[in-house]
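Written below as structure tokens is the structure these notes are about.
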Amino acid sequence: SAGQTTTIPEPRSLSDDAQLREDVLAGLSEMPRVLSSKYFYDKRGSSLFDSICSLPEYYPTRTETEIMERDAGAMVSQIGEDVCIVEYGSGSSVKTRLLLDQVGPRASYVPVDISGKHLAQTAEELSDRYPRMPITPVVADFTQPFELPGWVAEHENVCFYFPGSTIGNFTPDEAVDLLRRMRCQGQTASNEPSKTGLLIGVDLHKDTGVLEAAYNDREGVTAEFNKNMLVRINRELGADFDLDQFGHTAIYNEAARRIEMRLVSLTHQTVHLCGRSFEFGCGQTIRTEYSHKYTLDGFTQLAETAGWSVRQAWTDPQSRFSVLFFRA
Ligand code: AVI
């Protein structure tokens with residue numbers, strides 16, 4: 001019904017805490033050490049990320065917003081007006097508003113996010129702005145398989161919206177899996193595959209200096225964001241990471257076309273958590289994030305591997321960022 005915002009909770013196998021514990025212990029036991037970038041986004045991490053988005057060096061958010069401001073009308077002409085938009089990792093849905101402003105009176109919106117609180121707040125704000133639009137938030141970790149409400153796949157025009165270049169935080173293999181799962185979610189055996197769309201924001205390969213500046217800002221907000229992972233693990237798992245003894249690094253690996261973000265131990269030290277000890281040599285690292293950058297052709301090929309075919313790509317005048325539209 002109009003304006004309905006009943007949140008669909010995610011059925012869970014492990015509690016959030018147990019999952020964090022299992023993933024952190026496994027990641028710290030691997031060599032080289034690794035922690036999943038999905039754990040950046042606790043309350044403070046989400047707010048640090050919002051600050052990153054308006055930093056002068058962090059061009060992606062600003063550039064994608066400019067593209068959406070200029071081209072959302074053209075995007076909706078391709079997508080179709082009476083569309084069900086399913087957004088993965090909706091957060092505060094800022095760019096989505098630019099899209100929802102352009103859709104027709106029979107459109108609906110399904111934001112999917114791991115944070116139920118964030119989602120409920122966003123859904124409420126959006127239903128004030130679009131009082132006649134059915135909005136059905138789904139609480140889910142979209143990095144894992146999850147269920148959408150059954151009516152979504154029955155809808156005659158479903159478009160997945162995945163902005164922000166979040167796809168870059170997955171390895172190319174993981175990205176193909178995710179895009180394939182998305183395509184399957186939009187379809188039932190009976191409906192026409194061509195009715196499923198994908199509108200996705202992708203950060204583009206460019207000059208190393210521009211990229212490294214975006215992940216090593218002068219104010220040190222990205223460094224705080226990176227180190228907040230340890231703050232979170234200290235608080236939620238009772239670890240004793242000494243925050244003054246870890247530093248931030250972010251380098252562009254040109255061959256692999258990705259920013260690699262790490263925490264680096266500034267001394268020889270031992271960290272305790274959950275009854276275990278982890279020794280760090282001076283200079284030893286924990287990888288916390290990959291942020292892959294693509295060429296338009298490279299991303300189109302990746303999406304094709306997942307069964308999508310490209311219809312249109314929009315970019316800014318400097319070709320820093322792009323928003324691409326695909327059909328299944
Ligand atoms: C969310 N994601 C697309 C950001 C990125 O650029 O990879 C996360 C981020 N990490 C450091 N700065 C921003």
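Side chains included, hydrogens not; waters and symmetry mates left out as well; all remaining heavy atoms used. Order of listing sets the numbers, starting from 1, for every ligand and every atom in it.
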Tabulated below should be the N or O atoms of ligand 1 paired with protein N or O atoms at under 3.5 Å; can you produce that?
{"from": "ligand 1", "atom 1": "2 (N)", "to": "Asn169", "atom 2": "OD1", "distance (Å)": "2.9"}
{"from": "ligand 1", "atom 1": "6 (O)", "to": "Tyr58", "atom 2": "OH", "distance (Å)": "2.5"}
{"from": "ligand 1", "atom 1": "6 (O)", "to": "Tyr215", "atom 2": "OH", "distance (Å)": "2.5"}
{"from": "ligand 1", "atom 1": "7 (O)", "to": "Asn169", "atom 2": "ND2", "distance (Å)": "2.9"}
{"from": "ligand 1", "atom 1": "7 (O)", "to": "Ser291", "atom 2": "OG", "distance (Å)": "2.6"}
{"from": "ligand 1", "atom 1": "10 (N)", "to": "Glu289", "atom 2": "OE1", "distance (Å)": "2.6"}
{"from": "ligand 1", "atom 1": "10 (N)", "to": "Glu289", "atom 2": "OE2", "distance (Å)": "3.4"}

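Take Lys38 and apply the salt bridge (Lys or Arg N to Asp or Glu O under 4.0 Å) test, not counting sequence neighbours, and it matches Asp141. With sequence neighbours excluded, no residue forms a ring pair (Phe, Tyr, Trp, His ring centres under 6.0 Å) with Tyr39.
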Below 3.5 Å, can you tabulate the donor-acceptor pairs from side chains in residues 206-214 to any protein atom, sequence neighbours excluded?
{"from": "Lys206", "atom 1": "NZ", "to": "Tyr59", "atom 2": "OH", "distance (Å)": "2.8"}
{"from": "Lys206", "atom 1": "NZ", "to": "Asp203", "atom 2": "OD1", "distance (Å)": "3.0"}
{"from": "Lys206", "atom 1": "NZ", "to": "Leu204", "atom 2": "O", "distance (Å)": "2.4"}
{"from": "Lys206", "atom 1": "NZ", "to": "Arg320", "atom 2": "O", "distance (Å)": "3.0"}
{"from": "Asp207", "atom 1": "OD2", "to": "Gly209", "atom 2": "N", "distance (Å)": "3.2"}
{"from": "Asp207", "atom 1": "OD2", "to": "Val210", "atom 2": "N", "distance (Å)": "3.3"}
{"from": "Thr208", "atom 1": "OG1", "to": "Glu254", "atom 2": "OE2", "distance (Å)": "3.4"}
{"from": "Glu212", "atom 1": "OE2", "to": "Tyr252", "atom 2": "N", "distance (Å)": "2.7"}

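Between Tyr41 and Phe225, a ring centre-to-centre spacing shorter than 6.0 Å is recorded.
Taking the six-membered ring where tryptophan is involved, the planes of Phe246 and Phe280 are perpendicular, since the angle between them exceeds 60° and thus also 30°.
Between the side chains of His268 and Gln284, no donor N or O sits under 3.5 Å from an acceptor N or O.
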